[in-house]
Amino acid sequence: MTGARTNLLGFSPVQLIEYCKTLDEKAFRAKQLQRWIHQFGVSDFEKMTDLAKSLRGKLEKCAEIRAPKVLKDHTSADGTRKWLLDVGQGNAIETVYIPEENRGTLCVSTQAGCAVNCLFCSTGKQGFSRNLTTDEIIGQLWMAEFAVRQSRDIAEGKPERQISNVVMMGMGEPLFNFEASVNALKLMLDDNAYGLSRRRVTVSTCGVVPMIDRLAKECPVALAVSLHAPNDRLRDRLVPLNRKHPLSELMAACRRYLEYAPRDFITFEYCMLDGINDTDEHARELIRLVKSGSDPVSCKLNLIPFNSIPMPGLKRSSDARITAFAKLLLDAGIVTTVRKTRGEDIDAACGLLAGEIKDRTRVRERMAESGIFPVSVVENYRFQNNC
């Protein structure tokens, strides 16, 4: 019975209007439905009290509000909460809620697995399974928002929003799943759904240049770029997508995006890897990269202490090295922050979203072939993983 019903969770306002028309209902019913679904978190049509009883009866027979099924729900000692969600055919995704004093941030996934395969990220090690649908992406926000409300004893039907910020920084590359990701973004921004500010919704990309340009024109939100290296030779190895869209193209795309962005800067994410990308010379290269020429990139650098993944071999830079690296950037006039690590005890920290994985990506061989990793790092990886 459930399989025959239409899931309304990912429907845009226009799609809801068209759906209501198929039921011989007026267009204004779509707005009512949207509010009940996204603002009040109600999935039982009988509880949508301002809908005509006849419409509620129709919806009960042919429609449903269904988010991905929760397989696991863990809360960290620091309050970070992670859900493992079933998206069918043996695929699972992870969603993370990070509570802070003045905001609540949700990190959502856009793909099951990831095709980019950054060397230091556990998600990429399981390979790519498929793109998520709009209802699977927005379903993470729907599920998390109302789970958090329930945990705080906020009664069903009260629009007391708990999630103030959303980041597409979970599993997958959002710009490789452009249509579904943008449809979900538009629902997040819609005043009759979640009503989030463009400044409080962030898309993180490894640098899919053509799609950065398209995002700027179709749905400009805050942009974060996973940079991780200051030159093409190193970035080719850490972020393989760089071979297709090298740094010169990426920096140009960032400058173009700033013309549309709701913030006046791009955030560059930089994972700190001991002896790999964290030397003073790397910092100086990074400064030249973003400040060179007559048109520097207005940016903020977010330094991320590396979170060891289930396939060790790379190490987190020391606190002293991160501090020294950050000081060079700050002294050059670049706004620089060091990300606080949250949820490590439940594998919810940056780079850890994958659950139990198997390495399908020849990581050790790629490390050895690159010529940029110390022999000790490669051999340590071989020993710890019985490669």
Side-chain angles (χ1 to χ4, degrees), residues 1-70 85-89 93 95 106 108 110 130-150 154-163 166 177-198 201 214 217-219 221:
M1 186 68 162
T2 299
R5 295 181 179 182
T6 300
N7 188 2
L8 303 181
L9 190 56
F11 274 32
S12 69
V14 171
Q15 288 173 317
L16 271 181
I17 289 171
E18 291 302 315
Y19 186 74
C20 285
K21 286 181 180 178
T22 67
L23 300 178
D24 295 322
E25 298 289 341
K26 301 289 186 182
F28 76 89
R29 294 299 188 190
K31 185 177 292 187
Q32 291 176 309
L33 260 175
Q34 190 175 16
R35 287 175 176 168
W36 279 111
I37 295 168
H38 298 292
Q39 291 187 356
F40 299 109
V42 174
S43 58
D44 183 349
F45 296 115
E46 275 303 310
K47 294 181 179 180
M48 299 181 181
T49 52
D50 62 353
L51 297 184
K53 189 172 182 179
S54 59
L55 173 55
R56 282 180 273 164
K58 293 176 189 176
L59 291 170
E60 285 288 348
K61 292 178 181 177
C62 62
E64 64 179 345
I65 314 300
R66 175 172 42 83
K69 179 183 177 183
V70 175
L85 305 176
D86 182 5
V87 291
Q89 298 177 322
I93 58 170
T95 305
L106 188 72
V108 303
T110 55
R130 67 170 177 86
N131 288 327
L132 300 184
T133 60
T134 300
D135 57 84
E136 289 169 334
I137 298 172
I138 203 68
Q140 296 169 69
L141 176 54
W142 186 87
M143 175 279 303
E145 171 66 37
F146 301 110
V148 173
R149 289 189 196 182
Q150 187 176 42
I154 297 172
E156 183 182 62
K158 289 190 176 182
E160 298 180 17
R161 191 172 66 208
Q162 302 302 298
I163 294 171
V166 175
N177 186 16
F178 188 86
E179 297 292 346
S181 294
V182 166
N183 288 341
L185 287 173
K186 289 178 177 177
L187 272 173
M188 294 174 194
L189 301 172
D190 193 293
D191 286 340
N192 289 308
Y194 300 92
L196 296 174
S197 161
R198 290 181 185 272
V201 178
R214 189 174 167 190
K217 294 173 182 175
E218 294 191 24
C219 190
V221 293

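Residues take their numbers from the sequence shown, with the count starting at 1.
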Ignoring hydrogens and angles, tell me if any N or O in the side chain of [X] forms a donor-acceptor pair with the backbone of [Y] under 3.5 Å.
| X | Y | value |
| --- | --- | --- |
| Glu64 | Ser43 | no |
| Glu145 | Ile163 | yes |
| Lys58 | Leu23 | yes |
| Arg5 | Glu60 | yes |
| Asn7 | Arg66 | yes |
| Asn183 | Ser12 | no |
| Arg161 | Tyr194 | yes |
| Gln162 | Glu160 | yes |

Steps toward side chain to side chain contact (heavy atoms under 4.5 Å, CB included) verdict (Gln140, Leu132)
CA-CA 11 Å; Gln140 296 169 69; Leu132 300 184; 3.8 Å; yes

Should Val87 and Arg130 be marked as a side chain to side chain contact (heavy atoms under 4.5 Å, CB included) after you check the CA-CA gap, both sets of side-chain angles, and the distance that decides it?
CA-CA 10 Å; Val87 291; Arg130 67 170 177 86; 3.5 Å; yes

Shortest non-hydrogen contact from [X] toward [Y]:
| X | Y | answer |
| --- | --- | --- |
| Phe45 | Ala63 | CE1-O, 3.4 Å |
| Ala180 | Thr133 | CB-C, 4.1 Å |
| Met48 | Val42 | CE-O, 3.4 Å |
| Lys186 | Cys219 | CG-SG, 4.1 Å |
| Gly139 | Ala67 | O-CB, 3.8 Å |
| Ile138 | Gly10 | CG2-CA, 4.1 Å |

Check Leu8, Leu33, Val14 against Tyr19 for a side chain to side chain contact (heavy atoms under 4.5 Å, CB included) and give me the one that passes.
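Result for side chain to side chain contact (heavy atoms under 4.5 Å, CB included) with Tyr19: Leu8.
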
Of Leu55, Ile37, Asp50, Asn192, the residue whose pairing with Gln32 passes side chain to side chain contact (heavy atoms under 4.5 Å, CB included)
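Result: among Leu55, Ile37, Asp50, Asn192, Asp50 is the only option passing the side chain to side chain contact (heavy atoms under 4.5 Å, CB included) with Gln32.
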
After noting the C-alpha distance and the side-chain angles of Phe40 and Lys47, does the key distance pass the side chain to side chain contact (heavy atoms under 4.5 Å, CB included) rule?
CA-CA 11 Å; Phe40 299 109; Lys47 294 181 179 180; over 6 Å; no

Which residues pass the salt bridge (charged side-chain N to carboxylate O under 4.0 Å, His left out) test with Lys69, not counting sequence neighbours?
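Not a single residue meets the salt bridge (charged side-chain N to carboxylate O under 4.0 Å, His left out) criterion with Lys69.
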
Atom CD of Glu46: over 12 foreign heavy atoms under 6.0 Å:
yes

Can you label the angle between the Phe146 ring and the Trp142 ring as parallel, tilted or perpendicular, going by 30° and 60°?
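Rings of Phe146 and Trp142: perpendicular, over 60°.
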
